[in-house]
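Before I ask anything, here is the structure I am working with.
The model shown is predicted, which means the values in this text are computed figures rather than measured ones. All residue numbers in this chain count up from 1 along the given sequence.
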Amino acid sequence: MAADYRVSMANPKLKSVTKTPQDANVIARRKPAAAVRTAYSLAEREEIFRRFSVQRPEPRGELEHTNPFTLVVAVALSAQATDVGVNKATRALFKVADTPEKMLDLGEERLRDYIRTIGLYRNKAKNVIALSQMLVDQFGGKVPETRDELVRLPGVGRKTANVVLSMAFGQATMAVDTHIFRIANRIRLAPGKTPDEVEARLMKVIPNHYLYHAHHWLILHGRYTCKARRPECERCIIADLCKSPEKSWDVPAPLVELPPQVIGEAVE
């Protein structure tokens, strides 16, 4: 018996263990739970987003648009560009081309003239014309309301689709841009190696009743307070709760409602 025991311990694979279907179900249930990582308890997460809701009761995206189509175009143009820069270019553009049909009438060459100040404007102009053509040909000129259909449009990725679903159609989504990716990892709210990983974790750790506005709260927090180069912890309303190793301040800033956002005049 002793010899048998030593063999089984040295090479456990030799020992056959039969798993029942019930065992398999237990293992399968445990895997998703292990994938959710956050440094905060549910009570702490509730308090973080409660404070964000007091500070900005109705947060808004800072890209100017007039309808779902102009929103799609604006978000597509904002890749590797600032909202301020995109707004300056699209104010004149959307006055003459605020539908897919009008954008096609404008044409790629004239479109380039409107967006020349935006980075990668040549490729973006091609995508805007191509997505306008697809909207006309396949969707009756209307912006689709599902992620699977939106990501089929040229120049529209998952992040753009999530922004459109949230801002144009009122769906609770999480569009992970550079600000949200940084915040989720820096404060250890939902750390992940990729935007998709961070998105999936944020959707699980953010309390459901705060989920609709959470995307904008996190973006604005990253843009104006928890900045990339140096987080302004002394101005942070969650400084006492924050678990970031970079934190330099423990006293939360006064929790007061901020003035209404002035879209188009934000400073990056």
Side-chain angles (χ1 to χ4, degrees), residues 56 58-145 147 149-171 173 175-180 215-216 219-220 222-224 227-228 258-268:
R56 297 183 188 272
E58 295 292 334
R60 300 166 60 195
E62 296 186 327
L63 284 172
E64 296 177 12
H65 62 283
T66 58
N67 56 39
F69 172 70
T70 55
L71 177 61
V72 171
V73 172
V75 179
L77 293 177
S78 71
Q80 300 182 48
T82 67
D83 289 358
V84 171
V86 172
N87 288 340
K88 288 179 179 177
T90 57
R91 284 183 195 127
L93 171 63
F94 292 157
K95 288 180 181 179
V96 297
D98 60 353
T99 68
E101 295 82 1
K102 291 179 182 178
M103 193 67 73
L104 292 174
D105 290 341
L106 184 66
E108 184 178 330
E109 185 175 346
R110 291 173 61 199
L111 171 58
R112 286 202 302 265
D113 291 336
Y114 281 96
I115 65 173
R116 193 175 297 273
T117 56
I118 300 175
L120 306 175
Y121 74 94
R122 293 181 182 276
N123 189 57
K124 289 177 180 179
K126 289 181 180 179
N127 284 335
V128 169
I129 293 299
L131 74 83
S132 298
Q133 191 68 62
M134 182 177 285
L135 287 174
V136 170
D137 292 344
Q138 300 185 27
F139 298 100
K142 304 294 183 182
V143 175
E145 299 185 28
R147 183 183 292 111
E149 290 175 316
L150 282 166
V151 296
R152 289 172 51 200
L153 299 173
V156 175
R158 186 178 181 88
K159 187 197 81 170
T160 298
N162 282 338
V163 172
V164 173
L165 291 174
S166 173
M167 294 178 63
F169 302 119
Q171 298 183 31
T173 62
V176 178
D177 69 348
T178 55
H179 294 297
I180 291 184
H215 151 246
H216 285 131
I219 286 178
L220 296 170
R223 181 171 289 166
Y224 298 116
K227 298 178 180 179
L258 295 176
Q261 291 170 256
V262 181
I263 305 304
E265 298 180 11
V267 178
E268 290 290 320

Can you name the nearest heavy-atom pair linking Ala97 to Leu106, along with the distance?
->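 For Ala97 and Leu106, the tightest heavy-atom pair comes out as CB-CD2, 4.2 Å.
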If you take all heavy atoms of Ala161 and Val156, which pair is closest and at what distance?
->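 Nearest pair, atom of Ala161 first, then Val156: N-CG1, 4.0 Å.
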Would you name the heavy atoms of Ile129 and Met103 that are closest together and state the gap between them?
->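 Heavy-atom minimum between the residues: CD1-O, 3.6 Å.
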Between Phe94 and Glu64, what is the shortest heavy-atom contact and its length?
->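 The answer is CE1-O, 3.8 Å.
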Among all residues two or more places apart in sequence or in another chain, which pass the side-chain contact (heavy atoms from CB on, under 4.5 Å) test with Pro59?
->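 Only Arg56, His213, His216, Trp217, Leu220, Gln261 meet the side-chain contact (heavy atoms from CB on, under 4.5 Å) criterion with Pro59.
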Partners of Asp113 by salt bridge (Lys or Arg N to Asp or Glu O under 4.0 Å), sequence neighbours excluded?
->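 Asp113: salt bridge (Lys or Arg N to Asp or Glu O under 4.0 Å) contacts with Arg116.
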Give a yes or no on whether the backbone of Asp98 and the side-chain of Asn67 come within a donor-acceptor separation of less than 3.5 Å.
->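 Looks like yes, one N/O pair under 3.5 Å.
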Hey, could you give me the CG/CG distance between Asp83 and Leu77, rounded to the nearest 0.5 Å?
->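 These two atoms lie 11.0 Å from each other.
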Would a distance-only check, ignoring hydrogens and angles, find a side-chain to backbone donor-acceptor pair under 3.5 Å from Lys159 to Ala79?
->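 Not a single qualifying donor-acceptor pair exists.
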Please report the C-alpha distance between Val143 and Leu150 in whole Å, then the side-chain angles of each, then the deciding distance to 0.1 Å, and finally whether the side chain to side chain contact (heavy atoms under 4.5 Å, CB included) criterion is met.
-> CA-CA 8 Å; Val143 175; Leu150 282 166; 3.7 Å; yes
Please answer whether the main-chain N or O of Asn162 pairs with a side-chain N or O of Ser166 as donor and acceptor at a distance below 3.5 Å.
->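 Pair absent, no side-chain N/O of Ser166 close to backbone of Asn162.
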Does any donor atom in the side chain of Arg147 or Gln171 lie under 3.5 Å from an acceptor atom in the other side chain?
->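 Gln171 and Arg147 do not have a side-chain donor-acceptor pair below 3.5 Å.
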Give a yes or no on whether the backbone of Gly119 and the side-chain of Lys124 come within a donor-acceptor separation of less than 3.5 Å.
->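 A pair under 3.5 Å: yes.
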Partners meeting salt bridge (Lys or Arg N to Asp or Glu O under 4.0 Å) with Lys142 (sequence neighbours left out) |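 None.
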